[in-house]
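Everything on this sheet refers to the single structure shown next.
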Protein chains: 4
Amino acid sequence: MENKASSTNKSEVITSIMAIREKSKEKRNALLNATLSLVNNNGFHDAPMSKIAKMAKVSPATIYIYFVNKQDLINQLYLERKQAYTERAFEGYSEVMPVKKAFELIWYNIADYKLKELEESWFLSQCDNTTMIEEKVRQEGLKHLQPLLDLWERGQKEGIIKDVSPYVLYAYAINSLSFLMNMQKRELYQFDKKSLDEAFQAAWDSIRI
Amino acid sequence: MENKASSTNKSEVITSIMAIREKSKEKRNALLNATLSLVNNNGFHDAPMSKIAKMAKVSPATIYIYFVNKQDLINQLYLERKQAYTERAFEGYSEVMPVKKAFELIWYNIADYKLKELEESWFLSQCDNTTMIEEKVRQEGLKHLQPLLDLWERGQKEGIIKDVSPYVLYAYAINSLSFLMNMQKRELYQFDKKSLDEAFQAAWDSIRI
Amino acid sequence: MENKASSTNKSEVITSIMAIREKSKEKRNALLNATLSLVNNNGFHDAPMSKIAKMAKVSPATIYIYFVNKQDLINQLYLERKQAYTERAFEGYSEVMPVKKAFELIWYNIADYKLKELEESWFLSQCDNTTMIEEKVRQEGLKHLQPLLDLWERGQKEGIIKDVSPYVLYAYAINSLSFLMNMQKRELYQFDKKSLDEAFQAAWDSIRI
Amino acid sequence: MENKASSTNKSEVITSIMAIREKSKEKRNALLNATLSLVNNNGFHDAPMSKIAKMAKVSPATIYIYFVNKQDLINQLYLERKQAYTERAFEGYSEVMPVKKAFELIWYNIADYKLKELEESWFLSQCDNTTMIEEKVRQEGLKHLQPLLDLWERGQKEGIIKDVSPYVLYAYAINSLSFLMNMQKRELYQFDKKSLDEAFQAAWDSIRI
DNA sequence: CATGAATGAGTTTTCATTCAT
DNA sequence: CATGAATGAAAACTCATTCAT
């Protein structure tokens, strides 16, 4: 073993690279999680890179290996969580389902996510009511909701859904949940099965004809 | 009144004191306005006291004559704007009005405020989705909404309003407007008379039995 | 009584001026006392003019009527208290007294002052171990001690007192009391009649032949 | 050792780490020295972090790598110098020495230190007559003097030393030197071999029976 | 004389980012 | 890749002093 590099064969190299990648992913995730946690608890204005690094158990300098700067870190975090959120929203959904059935599925998916993943939801809610995310990135995060808009359009054609702007539909049918989630986080309100059904009824009543 | 010194009578003194008080109020207001504007445009994390001072055309040190620290400045701003908002909400309202009529009045009041005073609304929205305001202060800001909760209770007794938590009612009937206001601010959506009426219909449908 | 000024006769004017002077002296004293108290408790570095003013119940601007600036305030305070201290030191002293008798009198005077006027003593002690007083002013404060130096010189001529520098005599015979006073202030040591006499004995032993 | 990269062996790494540690220690010392110098010349109230940094040739931010805040910097400086002082005081001392011999040794050690290390002594003197050091830290700094107290106790048992509080003994036998050191620093007094011996005689006379 | 309000210059401290290793 | 140390720039806040009244 004169030379360190030559002593490892190809498959070992690949394994090693993968191990590194895995390790890197772990660090990247630790950083994203730390950021979310700090922004949630202290606010964006009190989530310094040094604290993020400490919480993720890496050096501050390491952050800049994974992200070009703080804004990039926040942006990537936002996009990942937004995507996870939308993925959950459409779990089990198929475009051939009847409109109400489909909406019900999506609504309960979203409700389930928002109430179970309180931290992620609260983070997204902050991002959407703040200048911490650039408009461009926010747009990017929204595009995954298209299937819901398509569903509503179908519902409108079928005469089931009110013929109003999708923003109005979203405001009433979906966004209201954010407020309830906030209240739950602040421990002012507590969801149970019954109140969830009541909320769904209100959502549906607000958009159906 | 031959002599200037001897001519200063009581009423003049009072006028002079009032002038000073007025001037002070002006400075305080300039500071509050500057803060709102900066927080709105740059976010809480990029609204330093130095910029606030510059915008209000005073020295940074002057801020501390009117507010004990930055948090106090933000808190006072929040409370004042929240109060202005709730005052507008109940303009023309009387407890003897029929439930739907009363709700309609309040809803349109709020809609009118949120869409006309976009800056104030956006600021309040940020405050309510952020850690920048302490929970205690937020509670303080909420208490003026009681008449609406009372109205809903009456509606529930009369069998007009759904028998669900006031948080659910608020989420659907009122808070949805915040989302639409956000969209309007981002120039993704534009309200007109027709869409306003549609939104009201959705609000009412969501809470009525 | 057409004219305010002319309506007062000479004796009234004098009384009035004296009243003003008295009132002024009161304010000046209040300021000096407030300064001493703040410097003692917070240190010179945390005794701002604003706090001094508040404690003396005057406006910050008023301080500048009585003192040209903060340094002047401190200097005058130092000089006044130093003078009060030396005056007490020589109470009852006459140059014709025998040396030991005279020294005993002065020593007990000083001890009495240092232990009774703990605050004043602690303040002077700070001043003498700090750059807060300019050397020039400190010199000024020292000159009232001359009679003690003269006494020692007499004692040396009479062969009673060691023939060493007056600084050495002062260091041992007088300054040691400052240390004991400090300990008393910090509640590490408590003087009584017996220990006072012991201290005197040590003082006398250190300088007598 | 053909290849630079592969040549870094363990001992070199250790050397390198030590070099870093050494460099860090240097910076820390530069900061402590700068602080002492500035506090001595300008007073605690005029020794801003910015000046300290400049004098130590580092950025102000760097100070906070080594000390948590200004108070901590001062505390650590005080403790280090106090310890150096007491270490010097007991150089060559052994508990079996005869009382007077031992006292003489310690006394001259202290005198030597106080007169040679004028800056350190003046700094400690300021700290002990000021609120800039917290009482707790001052206590910490004092505990190293215990051997002297033990020596005195032995002297008292042997009937050599006056049976008075150790505070009195310290006030006369040791603290008097501080005053003389102050005078020397202010160039009002100049020690030489003869006057040093005179001072020792005064010290001994004040505490011996 | 007396003052409340105002402020420029300065204070301590923090922070996003870089760099030598 | 990873890092601890370093830092310029800026943050929040303070303070001695002034000035219009």
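We name chains A, B, ... by the order of the sequence lines, and we start the count at 1 in each one.
Side-chain N or O atoms of D:T130 include one that pairs as donor or acceptor with a backbone N or O of D:Q126 at under 3.5 Å. Remark: side-chain polar atoms of C:Q71 are not paired, donor with acceptor, to backbone N or O of C:I133 under 3.5 angstrom. In this structure, A:R28 contributes its side chain and A:F67 its backbone to no donor-acceptor pair below 3.5 Å.
Using a 4.0 Å heavy-atom distance criterion, D:Y66 is classed as a sugar-phosphate-only contact.
A close approach under 4.0 Å does occur between a side-chain nitrogen or oxygen of C:T62 and OP1 or OP2 of E:dT3. OP1 or OP2 of F:dA2 has at least one side-chain nitrogen or oxygen of A:K27 nearer than 4.0 Å.
DNA chain E is contacted by both C:V58 and D:K51; C:V58 maps to the nucleotide lying nearer its 5′ end (nearest heavy atom per residue).
Nearest approach of C:L36 to C:L77, heavy atoms of both residues: N-CD2, 3.7 Å. Pairing each heavy atom of D:K70 with each of D:A47, the nearest pair is NZ-O, 3.1 Å. Residues C:K82 and C:L124 come closest through the heavy atom pair N-CD2, 3.9 Å. The minimum heavy-atom distance between C:T131 and D:N41, with the atom names listed, is CG2-O, 3.8 Å.
Contacts of B:F44 classified as ring pair (Phe, Tyr, Trp, His ring centres under 6.0 Å), with partners at least two apart in sequence or in another chain: A:H45.
Whole-Å rounding puts the D:H45 NE2 to E:dT11 P distance at 12 Å. Rounding to whole angstrom units, CG of residue B:D46 and P of F:dA9 are separated by 17 Å. If you take CZ of D:F67 and P of F:dA5, they are 14 Å apart, rounded to a whole angstrom. What separates CD1 of A:I63 from P of F:dA2 is a distance of 13 Å, to the nearest Å. Rounded to an integer number of Å, the gap from CD1 of D:I65 to P of F:dG8 is 12 Å. Residue B:D72 contributes atom CG, which lies 14 Å from atom C1' of F:dA12 at whole-angstrom precision. Between the CG atom of A:L31 and the C1' atom of F:dT3 there is a distance of 13 Å, rounded to whole Å. Distance, D:K54 NZ to F:dG8 C1': 13 Å, rounded to whole Å.
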Problem - Nucleotide-level pairing of DNA chain E, given in dot-bracket where Watson-Crick and G-U pairs need both distances under 3.5 Å and | marks other strands - result: .||||||||||||||||||||

Distances under 3.5 Å between nitrogen or oxygen atoms of protein and nucleotides 16-18 of chain E:
| residue | atom | partner | partner atom | Å |
| --- | --- | --- | --- | --- |
| E:dA16 | OP1 | A:K70 | NZ | 2.8 |
| E:dA16 | OP2 | A:M49 | N | 2.5 |
| E:dT17 | OP2 | A:Y64 | OH | 3.0 |
| E:dT17 | OP2 | A:K70 | N | 3.0 |
| E:dT17 | O5' | A:Y64 | OH | 3.4 |

Handout entry: Residue pair A:M132, A:V39: steps toward the side chain to side chain contact (heavy atoms under 4.5 Å, CB included) verdict
Key = CA-CA 11 Å; A:M132 63 196 250; A:V39 169; 3.8 Å; yes

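Of the C1' atoms belonging to E:dC1 and F:dT21, the separation is 13 Å, rounded to the nearest Å.
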